[in-house]
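Report on one structure; see the data block that follows.
No hydrogens, no waters, no symmetry mates; every other heavy atom, side chains included, goes into these values.
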Amino acid sequence: MALCYVLSRAPGTAAAGDGFPLDDAWIHMVYGRSLAARGVPAYNDLAEAGFTSPLWVMLLAVAHWCSAVLPAGPVFFAKLFGVLAASVTTASIYLLGLRLTSRSAVASFAALLCVLQPALAFAQVSGMEVSLTTANCALALLALADGRHRRAGVFLALAVWSRPECLLLAMLAPVVVAGQRGVPTAVRARQTLQVLAPTAVAVASWCGYCLIVTGHPLPNTVYAKFRMTGIGDGLRAMGEALGRLPSNLFAVGVLFAVLGVVRAPKTREPWLAGLIGVFPFAFLFAVVRSRPFPPDAGDFFYFARYPAPAWPFLLLATALGVHAVWQVAARQSRPAVRYGVRALTAAAVVLALIGHPQALARSIERFAWNCQNMNEVQVAFGDWVAANVPADRAVAINDAGAIRYFGGRRTIDLIGLNDQSVLFMEPPLAARCSTADAFADLLLARGADHLIIFRSWFPGLVEQPRFAARFAVAKVLVSPHYTVASPKSGQAEMVAYRVLPGDTARPPR
């Protein structure tokens, strides 16, 4: 499936093969390159905490090492690692399904759903940590199923280092282990500690790193992006995320998944089935409560990547639900009822899957265009910065990935995700730079004589009468067929300004 994505030439270019579909992937690449070259995940000259997936950054460091000795670039290896992680996820889902039902058909159905799920297929070649997260979660559950508690604990810790929301699974798993029946208390206590201890070490080490680097115990993204939403908004976003699953047409897939959870006590490993069924819903609810999701969020991978790690386990629960109905049908003594229930179940499955081919085709095309958008604007601006900004000067930007990666200049991240001096500035940047003059003076004081932004993100700044006196347009790049975000976002156009001294006369328009 990955080949369908990277070989797509929907825009008429090879962008799907040599690019990434969102700028956040390039942010991870900045840290991975720094870790590979200097042994420190730095954004500029100093270590930063602008990433929430330290394990993925480590793998991207390996990607850069590989590209130094093998005839392929780091983008290729980043995508290769994503594909390998997705393959591990699929294989683990198959083994979990086999463990729970002893039916290869059920296990194969669950694995097939994972392979065909557009968000998961998109994610494995996106340069993001989604597939790594699902692989670690699936391997942890598989280790629990095999009674290998130390191994499960290690994979749970790695899952937390892949995505912080996986702390939910790392908290649920010890509870399940501690509640096992028929196991001596001392054994349960030891097993619970084996499952819990690696995650405690992982969390403590990551928080310790953040504390040393920034003086705050959590990564920058938490302070910059975390916004607890209301219950109503969270449920609305959760419903929309589930509703956009092509395997959930008319909510059929979720009904099967809920049934799979309800029927968990009837499986060979009821505690494992229950954990698999509860985790994706808990994960999804935590995600939608931790950040705002606009009504059209599910149409764009920028938002769809956040709930995506829940999908393999939701799809496994869906397969378990289908199996439960099939078993109920098998116990019917009357042939008409037995075959009728099976026919209805088969029809429901077909109905649930009928949207998959079209959804996959749209996803493949969207992936290629997203990569094209990135290459046309962010990557192109990175090349422009490298060619036009002196090496001893800085640039201030709001999209902090590709421009920093390709530009190679000291970069001020105006959002603060990758610049703690901006994120924790007192008074805040917005208050300190409420006027165009104050903003320009601050940038010049920091050695930045270029500003590269989406104008739509700073309407209160660019519309000020003094803005044109302090910022001269140096370069405008536009991606005509923009698909990374909603066209209403204004992100199809990015503008580079040259920051002018305070006594410069207003340039002609």
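Judged by distance alone, with hydrogens and angles left aside, the side-chain atoms of Ser162 form a donor-acceptor pair with the main-chain N or O of Leu158 at under 3.5 Å. No side-chain donor-acceptor contact under 3.5 Å links Ser8 to the backbone of Tyr5. In this structure, the side chain of Arg38 does not engage the main chain of Leu35 through any donor-acceptor pair within 3.5 Å. At distances below 3.5 Å, at least one donor-acceptor pair connects side-chain atoms of His356 with backbone N or O atoms of Leu116.
Judged by a 6.0 Å distance limit and a 45° cone about the ring axis, Arg33 is positioned over the six-membered ring of Tyr405.
Between Trp206 and Val160, every side-chain heavy-atom pair lies at or beyond the 4.5 Å cut-off. A heavy-atom distance below 4.5 Å is not found between the side chains of His28 and Phe20.
In this pair, Tyr43 and Tyr31 present their aromatic rings tilted. The plane angle is within the 30 to 60° band. Relative orientation of the Phe471 and Phe467 rings is parallel, given thresholds of 30° and 60° on the angle between their planes. Between Phe51 and Tyr209, the angle of the ring planes lies from 30° to 60°, which puts this pair in the tilted group. Relative ring orientation between Phe77 and Phe81 is described as tilted, the plane-to-plane angle lying within the 30° to 60° band.
A donor-acceptor contact closer than 3.5 angstrom links the side chains of Thr52 and Arg163. A donor-acceptor contact closer than 3.5 angstrom is absent between the side chains of Asn44 and Asp419. Remark: the Gln124 side chain and the Ser131 side chain contain no N/O donor-acceptor pair separated by less than 3.5 Å.
Partner of Cys137 under the side chain to side chain contact (heavy atoms under 4.5 Å, CB included) criterion, out of Pro280, Pro309, Cys166: Cys166 alone. When each of Asp23, Asn373, Asp399 is paired with Gln378, the side chain to side chain donor-acceptor pair (under 3.5 Å) condition holds for Asp399 and for no other.
Counting only residues at least two apart or on different chains, the ring pair (Phe, Tyr, Trp, His ring centres under 6.0 Å) pairs with a member in residues 118-138 are Phe122-Phe301, Phe122-Phe367.
A centroid separation of less than 6.0 Å is found between the aromatic rings of Trp26 and Phe406.
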